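The next block holds one structure in the form of structure tokens; read it before the comments.
Throughout, a chain's letter reflects where its sequence line sits, starting with A, and its residues are numbered from 1. Owing to the predicted nature of the structure, the values given are computational and were not obtained by experimental measurement.
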Amino acid sequence: MKIRIKRQDEPETAPYWQTFDFFGKGRKTVAGILDEINYRDDLIDENGVPSRRIRWECSCMQKMCGGCAMVINGIPALACGTFVDTTEEELLVLEPLTKFPVVSDLVTDRSCILEHQKAALMYLGEKSAENEKEFANRYSAAKCIKCGLCLEVCPNYVGGEGRFYGAVLANEAYLLYTSSENRKKAIAKEYRRHFAAGCSKSLACRDICPMKLPTLSSIGYLNRTRL
Amino acid sequence: MKILIIGSGISGLAAAIASADMGNHVVLVSPYPSERAQSVMAAGGINAAVGTAGEDDSYVHHAMDTIKGGCYLENEDDVRQFCERAPENLRWLEQMGVVFNRKEDGAISLRAFGGQSRKRTAYAGASTGKQIVTALVQKCREYEIDGRIQRRLGLHFYSGLIRDGVCYGALFCQYFTGVLQAIYADAVILATGGQNKLFGKTTGSELCDGYAAGRLFSQGVQLRNLEFIQYHPTTIETDYKRMLITEGARGEGGRLYYLDGEKRVYFMEDKYGPKGNLMSRDIVSRCIYDCPSQVYLDISFLGEKLIHERLEEVYQLCKDYIGLDVTKEPIPVAPSIHFFMGGIRVDRNHRTNILRLYAVGECASKYHGANRLGGNSLMAAVYSGRVAAEAIHREEAVKVRVENFASYIEQEEALLNRIKESRSQFPSVYILRNLAEIMNDNLGITRNRKGLSEGLEAMDLYLNVMKSIKFDHTVSLYENYRIDSMLLLAKAILCSAMAREETRGAHIREDFPETKEAFQKCSVAELVDGQIQINFEAESCEKESAWYENSDKKTG
């Protein structure tokens, strides 16, 4: 199969496309394919041109760290959680996420996610008594890997500069709201300002989430607290 | 006081929060955010003798299990202190909002873990590490907002700023520009994790490459017990790496067996009784290694409800990566590299042999001896981070005159520039692949002189070759400059394994199958005049000590 990758040498340089041949067998994750390509002695593209190794971010290789979020055949996903049949598929197209600045190749700078959490003062304060009723959803919400896929697909999220911070903030706000004793009000206020006020409820965030976070429940819970 | 912390997994975060709590200014540096740290992959649990399982537990039992599991190498007092403070550390995490599983009465649930005389492993489903990281990141954020903690991302460690046995800060390399940047501090805490990458693919993170330990070793930092490498008994094979099946699966009742014809042989139970599946990891791994055919872990009989409630991540992992339904079928498992008991040598306050340089978490060697108990690494990460922060705060008086490193930095920059301008025919991945092959071939579950000699010979060859290898333009600057130190660390591991002529815990020598009293000591590796020296130094740990005897009586 052919692997077509949108490449970029540095943050300020122009992107370009490069295609590589891949002779794999059977079902593989995109992360596995990238790893195999990069671990060849020499990386040569389909025209025989020696090439720089493909830059992509990766730590766990098993859907636990969120590093490898990218656009795979037009759909944003984690490379380590996306399987392709290498014998059947003819072309695999890989691009960096589009709503974050490209660092190089498939690596994007998603530090705005962390900056948004800071700007919205997302911290616990004093812990309240355990809320057992919400245990399952809180456990799930705490598994957010900050990969940015929910922002990539959100029609309301316009990038780092806007005031709308997306589902990643809604889940964090829910988790903190349900366990904070003294900051509930502040958290709800920030949630309204940076999420509820800008969400048009496409729910694309819920469907794309690789961790299957209970985004809808988080939103519902916090919206109910507004009343 | 300004404290520089390198690495933002659980131990780095714990150190940062504790330092900030005491009013110190923290600079927390890492190439990637905490969500990418290996800590998020820790699954099964965290040990603390809180006694909520209805068993008569205490920190003394916890300490005894830890020392025994580690084959009597660790200092009793240090382990005791670690275990004594574990319940308090668990409460610390609770107060920060970690979503632990709880019993109906609200008390923290505990599960059984390997090598432990009582149930004392608190857990958050099967994603305990991730749940802890989430809470610590939130707490850290609070301090980032008020300015006590300053986070710096995108910086790779380059070297320590060390002169005459004192550390003044560290040098970092910016990912893109390749520019070196110095950060000076009154104390430096290293929290850079283990050395997985030396072995290629392991259960852990791709980012833990041992570079920092290797580089600091070349700058005079002592390393300890490098030969003790934990093979986790239950991992599954995928195309890309081996993935961990948490010990929690056996803690909840999972059973190991192999097939003799049609008959299931529950070899661990046959050999060690009903608790056989939960022997310590070194023992289980060795037994699996000795089995005549494929070993399986069966949890299907636990029922869908329990599996989905407490082991959901195991269910998903097997479904996604090997297409197996654990509620119906057994899991084919084999041991694989999972944890490094060895690392930077530290004292009970996590000080290294270099003044003002501390090491915490997996990059430090402490508490686990020759074999770590499951659930102790997360607690050690939290404990060591807090203890180092407290020690630094206490020792504020240790002031040294400021040194000027400008000429050193210039020299290193010039070196990097010279390298960058050159061109190599040798791809760096080729060297890394060979390094992994050498390490896996010669530092397997069992080792012998012949293999270790071959490994050392090969490592010397590569260390020599590296002198003439120049810049590989197909990878980043960091991926170029890290190789030398990784090879040096690899050689130190092989030397340590060669020097320990006995079998103990995770270090199994085919040619020295006995455990020898003469080796009831920790190996200490040091670079002297360019040569690796291994010495053995005893920590005070007497099997027959009064404390141990009394504890034995207490536990019956």
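With a 4.5 Å cut-off on non-hydrogen atoms, Q62(A) touches chain B through its backbone and its side chain both. Only the side chain of R110(A) comes within contact range of chain B, with heavy atoms under 4.5 Å apart. Heavy atoms of D41(A) lying under 4.5 Å from chain B belong to its backbone as well as its side chain. Heavy-atom distances place the backbone of T203(B), and not its side chain, under 4.5 Å from chain A. E57(A) touches chain B through its side chain: at least one heavy atom from C-beta onward sits under 4.5 Å away, while N, CA, C and O do not. Looking at N131(A), neither its backbone nor its side chain comes within 4.5 Å of chain B, counting heavy atoms on both sides. Both the backbone and the side chain of D320(B) have a heavy atom closer than 4.5 Å to some heavy atom of chain A. Contact annotation for D109(A): neither backbone nor side-chain heavy atoms come within less than 4.5 Å of a heavy atom of chain B. For K201(B), the part sitting under 4.5 Å from any heavy atom of chain A is the side chain, from C-beta outward, and nothing else.
Among residues 113-121 of chain A, the residues having any heavy atom closer than 4.5 Å to a heavy atom of chain B are, in sequence order, L114(A), Q117(A), K118(A), L121(A). Contacts from residues 93-102 of chain B to chain A, taken as heavy-atom pairs separated by less than 4.5 Å, involve E94(B), Q95(B), M96(B), G97(B), V99(B), F100(B), N101(B), R102(B) in sequence order.
For the options E36(A), K28(A), R40(A), heavy-atom pairs under 4.5 Å to chain B are most numerous at K28(A). Ranked by non-hydrogen atom pairs under 4.5 Å with chain B, the options V103(A), N38(A), I54(A) are led by V103(A). Residue with the most contacts toward chain B among S179(A), P11(A), S111(A), A31(A): P11(A) (heavy-atom pairs, distance under 4.5 Å). Of the listed residues (R151(B), Q38(B), E144(B), R433(B)), the greatest number of heavy-atom pairs within a distance under 4.5 Å of chain A belongs to R433(B). The choice from S127(B), A135(B), C140(B) that makes the most heavy-atom pairs within less than 4.5 Å of chain A is S127(B). Of the residues considered (R138(A), E126(A), K63(A)), K63(A) shows the highest number of contacts with chain B, using heavy-atom pairs under 4.5 Å.
For the atom pair CE of M41(B) and OG of S59(A), the computed distance is 6.5 Å after rounding to the nearest 0.5 Å. E35(B) CD to C147(A) SG: the interatomic distance, rounded to the nearest 0.5 Å, is 10.5 Å. Note that CG of L176(A) is 7.0 Å distant from CZ of R141(B), once rounded to the nearest 0.5 Å. To the nearest 0.5 angstrom, Q316(B) atom CD is 5.0 Å from K212(A) atom NZ. Rounded to the nearest 0.5 Å, atoms CD (E309(B)) and OH (Y139(A)) are 12.0 Å apart.
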I would like to know whether Y240(B) and D35(A) meet side chain to side chain contact (heavy atoms under 4.5 Å, CB included); could you show each step before the answer?
CA-CA 8 Å; Y240(B) 335 101; D35(A) 207 45; 5.6 Å; no

Let's go through Q138(B) and L175(A) carefully: what are the C-alpha distance in whole Å and the side-chain angles of both, what is the deciding distance for side chain to side chain contact (heavy atoms under 4.5 Å, CB included) to 0.1 Å, and is it a yes or a no?
CA-CA 10 Å; Q138(B) 288 168 344; L175(A) 180 62; 3.5 Å; yes

So K143(A) and E313(B), salt bridge (charged side-chain N to carboxylate O under 4.0 Å, His left out) or not? Walk me through it.
CA-CA 11 Å; K143(A) 283 174 74 175; E313(B) 286 78 4; 2.5 Å; yes

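Contact check for S428(B) versus R53(A): no side-chain heavy atoms found under the 4.5 Å cut-off.
With hydrogens and angles left out, the side-chain atoms of Y321(B) and T29(A) include no donor and acceptor closer than 3.5 Å.
The backbone N or O of C65(A) lies less than 3.5 Å from a partner atom in the side chain of R36(B), making a donor-acceptor pair. Side-chain atoms of K130(B) come within 3.5 Å of backbone atoms of C144(A) as a donor-acceptor pair (strictly under, hydrogens ignored).
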